[in-house]
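These numbers come from a predicted model, not from an experiment.
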Amino acid sequence: MVGERLKAVEASPILKNGPEHHARVLERGGESLVRTAAQQSQNESRDFQRVAREMTGQIASARERRTQNRWLGVSGLTGFAAGILAILFLPAMLPGPVAPRVASVIMAEPPWQAGMSLMKFDSLASWDRVAAADQLIQANRAVVAACQEAAGKTGKDQKCSITVAASEQQPTP
């Protein structure tokens with residue numbers, strides 16, 4: 001039994017190959033280990049550089065977006081100001097009844113009501129005279145209509161008698 005074991009030990013590749021062989025195997029294994037570590041380090045370095053470039057690109061893109069947003073805001077405010085100026089001054093330059101129509105739209109009133117509001121705003125005393133004259137005509141509508149018809153038929157001015165209500169009976173405008 002000891003003989004068999006001794007033969008097995010003698011047949012072992014460790015004993016067949018000398019120390020130089022084992023030194024070369026260890027040296028090759030170390031070189032392979034160092035080469036693998038160096039390749040891995042290079043790969044990691046390339047990955048790091050790639051990520052750094054991507055981050056630089058994203059930061060630049062974010063700066064561009066911020067600049068674009070700033071320009072967009074400036075453009076929006078400029079357009080808003082230009083729109084207000086156009087609403088204020090353009091209707092007076094356009095032909096036809098554009099200005100009164102724009103005024104009624106801005107005031108959110110029918111054109112007739114907007115006109116009355118503007119007259120009252122501009123001169124309250126003049127507005128009171130217009131309102132009083134309108135009340136006088138409305139109170140004497142039939143007489144004034146007959147007088148106008150007679151003037152139209154004869155082609156001459158007509159004198160008409162109207163009734164003026166006492167001041168306490170006149171409604172205020």
task = Please list, chain by chain and in numerical order, all residues satisfying salt bridge (charged side-chain N to carboxylate O under 4.0 Å, His left out) with Arg50, sequence neighbours excluded.
result = Glu54

Closest approach of [X] and [Y], non-hydrogen atoms and distance?
| X | Y | value |
| --- | --- | --- |
| Pro91 | Ala86 | CD-O, 3.3 Å |
| Glu109 | Ser117 | OE1-OG, 3.1 Å |
| Pro110 | Ser104 | C-CB, 4.1 Å |
| Arg101 | Pro111 | NH1-CG, 3.3 Å |

Do the side-chain N and O atoms of [X] and [Y] include a donor-acceptor pair separated by under 3.5 angstrom?
| X | Y | result |
| --- | --- | --- |
| Asn43 | Arg46 | yes |
| Thr36 | Gln40 | no |
| Arg129 | Ser126 | yes |

Does a side-chain heavy-atom distance below 4.5 Å link [X] with [Y]?
| X | Y | answer |
| --- | --- | --- |
| Val130 | Trp127 | yes |
| Gln113 | Met116 | yes |
| Asp122 | Leu118 | no |

Pairwise distance [atom1]([X]) to [atom2]([Y]) - rounded to 0.5 angstrom:
| X | Y | atom1 | atom2 | answer |
| --- | --- | --- | --- | --- |
| Glu64 | Trp71 | CD | CH2 | 15.0 Å |
| Arg65 | Gln58 | CZ | CD | 8.5 Å |
| Leu124 | Asp128 | CG | CG | 4.5 Å |

Do [X] and [Y] share a hydrophobic cluster, counting only Ile, Leu, Val, Met, Phe, Trp and Tyr and linking them when any side-chain heavy atoms are less than 4.5 Å apart?
| X | Y | answer |
| --- | --- | --- |
| Val74 | Phe80 | no |
| Val102 | Met107 | no |
| Met93 | Ile84 | yes |
| Leu90 | Ile106 | yes |
| Val164 | Val143 | yes |

task = Kindly check if the number of other-residue, nucleotide or ligand heavy atoms within 6.0 Å of CG (Asn69) is above 12?
result = yes

For [X] and [Y], indicate whether the former's side chain and the latter's backbone hold a donor-acceptor pair under 3.5 Å.
| X | Y | result |
| --- | --- | --- |
| Ser61 | Gly57 | no |
| Thr56 | Ala52 | yes |
| Asn140 | Ile162 | no |
| Thr67 | Arg63 | yes |

